[in-house]
2 protein chains.
Amino acid sequence: MDGDAASPRERYRAQVQGEIKQHAWEQIATTGVSALSLKAIAKHLGMSGPALYRYFAGRDELITALIRDAYRSLADTLRAAYDSGAEVAGLAHAVRDWAQSDPHRYFLIYGTPVPGYHAPADTTAISNEIMTVLTGAFREAGVPPSDSPFEAHLDGHRQWAADPSVPTAALRRALSFWTRLHGVLSLELAGHFAGMGIDPALLFADELDDLLRP
Amino acid sequence: MDGDAASPRERYRAQVQGEIKQHAWEQIATTGVSALSLKAIAKHLGMSGPALYRYFAGRDELITALIRDAYRSLADTLRAAYDSGAEVAGLAHAVRDWAQSDPHRYFLIYGTPVPGYHAPADTTAISNEIMTVLTGAFREAGVPPSDSPFEAHLDGHRQWAADPSVPTAALRRALSFWTRLHGVLSLELAGHFAGMGIDPALLFADELDDLLRP
DNA sequence: CGCGTTAGTTAGAAGCTATAACGCACTTCC
DNA sequence: GGAAGTGCGTTATAGCTTCTAACTAACGCG
């Protein structure tokens with residue numbers, strides 16, 4: 001309906017909100033979300049202190065917006081890779097690149113849950129978009145069904161999967177894609193492999209290989 | 001050397017430090033580490049404000065001590081399970097129970113890295129203890145070698161493994177044990193499966209099963 | 001039993017989030 | 001075009017935090 005036809009005030013407001021979020025991301029990229037300071041953002045933006053509250057009701061609301069944007073960015077990245085022909089391996093490297101390009105952004109989504117934040121409905125919708133891409137890729141990869149207890153359970157609990165034509169085995173693999181690669185990525189980005197001398201990229205590649213074996 | 005023969009002052013100091021950490025854990029268990037307040041701990045302890053700085057040089061040092069205790073607790077839990085005959089599956093459920101008994105403690109170790117904290121040498125030593133138990137369990141489980149690139153790489157980068165008699169394949173499995181189960185646990189404890197209707201326990205069991213297949 | 005070490009106190013600086021009250025500018029409508 | 005209304009940005013302030021400084025009191029060792 002209204003589309004882009006916003007009033008000048010609304011355009012200005014949206015632009016300032018964008019600048020606030022951009023400075024917030026810069027701050028997060030260096031210090032992490034725990035040290036995110038509204039006052040510091042305002043200072044960098046030339047305006048002083050409480051002016052920010054005209055644009056975001058508080059720290060939690062800003063963080064919520066950042067989380068939603070991070071989800072959106074990841075979903076768009078995966079969708080773009082998928083639409084340009086990427087298969088499961090391509091998606092895996094897309095998510096890895098995305099995570100490494102801004103580790104704090106990754107942890108904002110998949111790290112320790114931030115207190116006082118409860119996911120609004122649209123972020124779970126975006127999360128579903130991500131799962132749709134993953135399940136689609138595994139359907140095309142053609143994974144054989146298994147008789148594991150979880151896959152049987154999953155057969156009766158797949159309402160989160162939009163497309164009912166995707167085999168349950170593909171859903172199963174998509175979930176493992178998520179948990180296993182997150183396991184490697186999360187520990188790698190947190191530096192848990194640092195003192196061990198191993199190359200996380202090879203571990204990641206090996207885990208990816210295992211996801212694709214029959 | 002000195003052993004337990006501490007002076008009364010040292011005994012008192014150690015006891016107060018223990019009480020401080022205990023109250024800190026109670027606070028963390030409810031609000032998470034980001035809301036950990038030294039002043040609130042001091043208030044609960046009956047003493048006012050800066051007295052805490054006699055026992056911990058600052059917030060970061062207290063958190064460092066908590067992280068070390070959490071590592072110690074996990075390592076002891078796994079060691080106890082292993083010494084009482086637990087195999088790989090038993091260790092998996094031990095770590096799962098440990099994580100679920102206090103999710104915030106789990107995230108303190110394996111969640112988003114806390115800014116300003118750099119792991120002292122002894123926590124990496126405790127981490128090595130944990131890996132030693134895991135690799136030992138997989139050696140006894142008897143896993144076949146694989147010709148994957150990562151296992152080949154691991155064969156030349158296994159200085160983190162204390163015991164050189166453990167086959168590289170067991171090391172490989174222990175690493176996957178770590179990353180895969182962490183992947184499931186982390187996402188489960190953060191509530192990412194909440195809206196999907198699936199049972200994370202079954203997913204966990206299935207991932208565990210996959211770790212044990214030839 | 002005295003003297004030094006240590007624990008605890010209050011005061012205060014600097015930082016943060018967030019609210020309240022006010023002024024100015026811009027938009028909108030008659 | 002002028003008046004009324006909406007929204008932006010300001011300063012002041014309350015209440016929270018970590019952490020330092022200066023001082024006091026108690027404890028224990030020689």
Side-chain angles (χ1 to χ4, degrees), chain A residues 2 4-28 30-67 104 108 114-118, chain B residues 2 4-24 26-28 30-67 108 114-118:
Chain A
D2 48 4
D4 300 16
S7 71
R9 274 228 163 119
E10 282 170 335
R11 292 169 52 104
Y12 177 73
R13 179 180 180 81
Q15 205 227 333
V16 175
Q17 278 182 334
E19 288 176 21
I20 290 171
K21 289 196 285 191
Q22 186 184 335
H23 283 265
W25 280 122
E26 289 169 12
Q27 207 170 312
I28 284 179
T30 63
T31 62
V33 68
S34 62
L36 181 68
S37 160
L38 299 187
K39 206 174 182 178
I41 294 173
K43 194 174 185 178
H44 268 268
L45 248 142
M47 59 187 177
S48 250
L52 257 166
Y53 288 79
R54 298 284 175 193
Y55 299 94
F56 294 96
R59 199 173 176 274
D60 282 356
E61 192 171 292
L62 173 58
I63 291 177
T64 299
L66 295 174
I67 289 176
H104 287 290
L108 193 60
V114 313
Y117 162 80
H118 288 292
Chain B
D2 47 5
D4 300 15
S7 71
R9 273 224 163 121
E10 281 172 337
R11 290 169 55 99
Y12 178 75
R13 180 178 178 81
Q15 205 227 336
V16 175
Q17 278 182 334
E19 287 176 22
I20 290 171
K21 289 196 284 190
Q22 185 182 335
H23 282 266
E26 289 169 11
Q27 207 171 313
I28 283 179
T30 64
T31 64
V33 68
S34 61
L36 182 67
S37 161
L38 299 187
K39 205 175 184 179
I41 294 173
K43 194 175 186 179
H44 269 267
L45 250 143
M47 59 186 178
S48 249
L52 258 167
Y53 287 79
R54 298 284 174 192
Y55 298 95
F56 293 97
R59 199 173 176 273
D60 281 356
E61 191 171 295
L62 172 57
I63 292 177
T64 299
L66 295 174
I67 290 176
L108 192 60
V114 313
Y117 162 79
H118 288 293

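Here the structure is a predicted model, which is why all the values come from computation and not from measurement. Below, chain A is the first sequence line, B the second, and so on; all start at residue 1.
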J.: When rounded to the nearest 0.5 angstrom, what is the spacing between CG in A:Leu62 and OH in A:Tyr53?
T.: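 A:Leu62 atom CG to A:Tyr53 atom OH measures 10.0 Å (nearest 0.5 Å).
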
J.: Tell me whether A:Arg13 contacts the main-chain N or O of A:Arg54 through its side chain, where contact means a donor paired with an acceptor under 3.5 Å.
T.: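 Yes; at least one donor-acceptor contact below 3.5 Å.
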
J.: Tell me the interatomic distance from B:Asp60, atom CG, to D:dT17, atom P, rounded to whole angstroms.
T.: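 Answer to the nearest Å: 17 Å.
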
J.: For A:Gln17 and A:Tyr55, indicate whether the former's side chain and the latter's backbone hold a donor-acceptor pair under 3.5 Å.
T.: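 Looks like yes, one N/O pair under 3.5 Å.
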
J.: Is A:Tyr55 near enough to D:dG9 that one of its side-chain N or O atoms lies under 4.0 angstrom from OP1 or OP2?
T.: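 Yes, A:Tyr55 has a side-chain N/O under 4.0 Å of OP1/OP2 on D:dG9.
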
J.: Rounded to the nearest angstrom, tell me the gap between atom CG in A:Leu52 and atom P in C:dT17.
T.: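 Taking CG of A:Leu52 and P of C:dT17, I get 9 Å after rounding.
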
J.: Round to a whole Å and report the spacing from CZ of B:Arg59 to C1' of D:dC16.
T.: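 About 13 Å, once rounded to whole Å.
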
J.: For a quick check, with a 4.0 angstrom heavy-atom cut-off, what is the B/S/- contact string for nucleotides 20-30 of chain D, read 5' to 3'?
T.: B-B---BBSS-

J.: Just the rounded figure in Å: distance from P of D:dC8 to CG of A:Leu45.
T.: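 It is 14 Å, rounded to the nearest whole Å.
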
J.: Within this structure, what is the OG-NZ distance for the pair B:Ser48 and B:Lys39, rounded to the nearest 0.5 Å?
T.: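 One gets 8.0 Å once the value is rounded to the nearest 0.5 Å.
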
J.: What is the distance, rounded to the nearest whole Å, between atom CZ of A:Arg11 and atom P of D:dG7?
T.: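 From A:Arg11 CZ to D:dG7 P: 18 Å.
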
J.: Kindly state which residues belonging to residues 31-42 of chain B come within less than 4.0 angstrom of DNA chain D, counting heavy atoms of the residue only, listed by number.
T.: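 The stretch gives B:Leu36, B:Ser37, B:Leu38, B:Lys39 as the residues lying under 4.0 Å from the strand, ordered by number.
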
J.: Given atom CD of B:Glu19 and atom C1' of C:dA7, what is their separation to the nearest angstrom?
T.: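 After rounding, the gap between these two atoms is 14 Å.
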
J.: Please report the interatomic distance CD1(A:Ile20) to CG(A:Leu52), rounded to the nearest 0.5 Å.
T.: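 So the gap between those two atoms works out to 4.0 Å.
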
J.: Identify which one of A:His23, A:Gln22, A:Gln15 satisfies the side-chain hydrogen bond (donor to acceptor under 3.5 Å, both in side chains) criterion when paired with A:Glu19.
T.: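 Passing option: A:Gln15.
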
J.: Nearest 0.5 Å please: distance from the CD atom of A:Gln27 over to the NE2 atom of A:His44.
T.: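 Separation between the atoms: 7.0 Å.
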
J.: Out of curiosity, A:Ile28 CD1 to A:Leu108 CG, how far, rounded to the nearest 0.5 Å?
T.: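 Nearest 0.5 Å value for the CD1-CG distance: 5.5 Å.
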
J.: Can you tell me how far P of C:dA14 sits from NZ of A:Lys43, to the nearest Å?
T.: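 Distance, rounded to whole Å: 13 Å.
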
J.: Specify the separation, in whole Å, of atom CZ of A:Phe56 and atom C1' of D:dG7.
T.: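 For the pair A:Phe56 CZ and D:dG7 C1', the rounded distance is 16 Å.
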
J.: To the nearest 0.5 Å, what is the distance between CD on B:Glu61 and OG1 on B:Thr64?
T.: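 It comes to 7.0 Å.
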
J.: Can you check whether B:Arg13 has a side-chain N or O nearer than 4.0 Å to OP1 or OP2 of C:dA7?
T.: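 Yes, because at least one side-chain N or O of B:Arg13 sits under 4.0 Å from OP1 or OP2 of C:dA7.
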
